[in-house]
There are 2 protein chains.
Amino acid sequence: MGDTPDTAGIDGVSEPSLDEQIAVYQREFQDLDPQVEKVVSALSRLNRRMNVAYGRQTAALGISNAEWEVLKALVISGAPYRMGPSELAKQLGLTPAAMTHRIDRMTAEGLVTRERDENNRVRVIVELTAEGRSKWLDAMRAATVFEEELLQDLSAGERGALGDMLTRLLDRVEDLQARG
Amino acid sequence: MGDTPDTAGIDGVSEPSLDEQIAVYQREFQDLDPQVEKVVSALSRLNRRMNVAYGRQTAALGISNAEWEVLKALVISGAPYRMGPSELAKQLGLTPAAMTHRIDRMTAEGLVTRERDENNRVRVIVELTAEGRSKWLDAMRAATVFEEELLQDLSAGERGALGDMLTRLLDRVEDLQARG
DNA sequence: TCCGAAGACTTCAACCCTAAAATTCGAAGC
DNA sequence: GCTTCGAATTTTAGGGTTGAAGTCTTCGGA
């Protein structure tokens with residue numbers, strides 16, 4: 001049923017092992033498929049740990065995880081690395097209001113600039129600065145190192161199979177979501 | 001490098017497909033292993049979607065995702081379903097302060113009770129109420145249905161392999177974390 | 001027995017997010 | 001050419017979280 005979702009605030013966690021936890025669960029709730037449960041719990045636990053790891057890396061670079069996401073979105077948009085706030089908000093999955101605040105902070109830190117679009121003065125253009133791009137690159141390098149270490153126990157064949165299965169799960173969850 | 005982490009606030013997301021996104025990334029950052037990237041991005045995107053799904057289910061039952069986690073922890077602890085706030089906080093990966101507030105809310109809603117331990121008056125005991133347990137059961141039923149649907153495209157063999165690989169990743173990330 | 005240290009929990013201030021209201025500007029209708 | 005509708009962004013109010021400071025209780029040494 002999914003572990004606790006968000007990035008933890010405390011480091012030394014001391015959780016029970018996955019199998020332990022599932023065993024306890026079965027005592028309290030009989031019709032539980034341990035195989036399913038294992039996948040689901042591992043997924044969310046893994047994700048939590050990874051977010052903590054990313055958080056450390058970005059913190060070491062002097063930016064927050066949230067800021068890194070904005071940098072990412074801008075880079076992905078390609079040169080000249082410009083996007084509107086609502087476009088960004090949609091991609092990052094948060095509200096326009098939250099985006100406004102993030103841009104406030106990032107502008108103050110010199111990672112992006114914000115200016116009105118002179119062609120259409122309703123719009124605002126957020127643009128990556130050189131410093132922002134450089135921070136992104138640093139974070140990117142750290143992230144790829146970490147990711148490679150994370151997957152080091154898996155063979156190329158396994159990595160492919162894993163990617164494939166996860167993609168199928170992703171398709172399925174999007175399908176379920178679409179149906180409501 | 002992991003997608004945007006937290007549970008989105010907006011539903012209709014319209015993200016680029018995974019492969020699309022990775023292709024764009026490779027343009028901007030050459031030494032990127034697409035296989036690794038696919039696994040990592042799928043993991044975090046999947047998790048985000050799952051959290052949204054869980055959130056809907058628990059919301060339908062009149063509790064929040066956060067509250068469900070507390071109920072879970074208490075049930076896992078086994079009868080008589082009692083734990084201290086700091087014990088709970090550690091398991092859920094949040095600060096004691098946050099735990100205090102959650103317990104405040106849940107006490108007001110009748111999901112748990114809070115009382116001082118008369119044997120050791122420094123401690124506080126949080127105990128699941130009958131209503132709390134019933135809510136947990138409802139949420140549990142909904143969750144298992146969803147999880148079974150999520151994995152319906154995977155054969156039993158695939159589920160096992162997936163669980164196994166995820167567990168290995170989890171071990172690895174814990175190992176990396178321990179090293180700092 | 002008294003005092004100080006340590007532990008468990010709570011309170012306080014600051015921060016970030018969401019949802020909803022307000023603002024600002026552009027576009028279409030009359 | 002005014003006016004109204006609609007879209008993009010910002011502002012406001014209200015949760016929820018963290019980190020630090022504060023309170024209360026227990027425990028051990030003088």
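What you see is a predicted model; the values in this text were computed from it and never measured.
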Task: A:T107 vs A:T113 side-chain heavy atoms within contact, under 4.5 Å - done: no
Open item on the list: Looking only at the side chain of A:N120 (C-beta and beyond, no hydrogens), which of the listed nucleotides D:dT10, D:dT18, C:dG26 gets closest?
Closed with: C:dG26
Task: Nucleotide nearest A:R123 when distance is taken to its side chain, options D:dA8, D:dT26, D:dT17 - done: D:dA8
Open item on the list: Can you confirm whether A:I63 sits close enough to A:W136 that some side-chain heavy atom of one is under 4.5 Å from a side-chain heavy atom of the other?
Closed with: no
Task: Rounded distance (Å) that lies between atom C1' of C:dA8 and atom NZ of B:K90 - done: 11 Å
Task: Short side-chain N/O contact from A:R121 to OP1 or OP2 of C:dA27, under 4.0 Å - done: no
Open item on the list: How many whole angstroms separate atom CE of B:M99 from atom P of D:dG16?
Closed with: 13 Å
Open item on the list: So if I take every side-chain heavy atom of B:V122 and compare against D:dT10, C:dA8, C:dC17, which nucleotide ends up nearest?
Closed with: C:dA8
- [ ] Tell me which nucleotide among D:dT10, C:dC9, C:dC17 gets nearest to the side chain of B:P85.
- [x] C:dC9
Open item on the list: On DNA chain C, compare the nucleotides closest to A:A98 and B:A98; which residue's is nearer the 5' end?
Closed with: B:A98
TODO: Check A:L88, A:L74, A:L92 against A:E69 for a side chain to side chain contact (heavy atoms under 4.5 Å, CB included) and give me the one that passes.
DONE: A:L92
- [ ] Send over the distance from A:H101 NE2 to D:dA13 P, rounded to a whole Å.
- [x] 12 Å
Open item on the list: Is the phosphate of D:dT17 approached by B:R102 (side-chain N or O, under 4.0 Å from OP1 or OP2)?
Closed with: yes
Open item on the list: Whole angstroms only, please: what is the CG-P distance between A:D117 and D:dA7?
Closed with: 18 Å
Task: Integer-rounded Å distance: D:dT18 P and A:N65 CG - done: 15 Å
Open item on the list: By nearest atom, which of the nucleotides C:dT10, D:dT10, D:dT12 is closest to the B:R114 side chain?
Closed with: C:dT10
Task: Test side-chain contact (heavy atoms from CB on, under 4.5 Å) applied to A:L32 and B:M140, step by step - done: CA-CA 9 Å; A:L32 186 70; B:M140 199 65 189; 3.9 Å; yes
TODO: Using a 4.0 Å heavy-atom cut-off across all strands, classify B:T100 as base, sugar-phosphate, or nothing.
DONE: base
TODO: Can you tell me the distance, in whole Å, between the CD1 atom of B:I63 and the P atom of D:dG15?
DONE: 19 Å
Open item on the list: Counting C-beta onward and ignoring hydrogens, is there a side-chain heavy-atom pair between A:V126 and A:P85 closer than 4.5 Å?
Closed with: yes
Task: Given D:dA8, D:dT18, C:dC17, the nucleotide with the shortest approach to the side chain of A:S86 - done: D:dA8
Open item on the list: Using a heavy-atom cut-off of 4.0 Å across all strands, would you classify B:R116 as base, sugar-phosphate, or nothing?
Closed with: nothing
Task: Residue met sooner reading DNA chain C from 5', once A:A66 and B:D104 are mapped to nucleotides - done: B:D104
Open item on the list: What is the distance, to the nearest angstrom, from the CD1 atom on B:I103 to the C1' atom on C:dT11?
Closed with: 15 Å
Open item on the list: Between C1' on D:dT25 and CG on B:N119, what's the gap in Å once rounded to a whole number?
Closed with: 14 Å
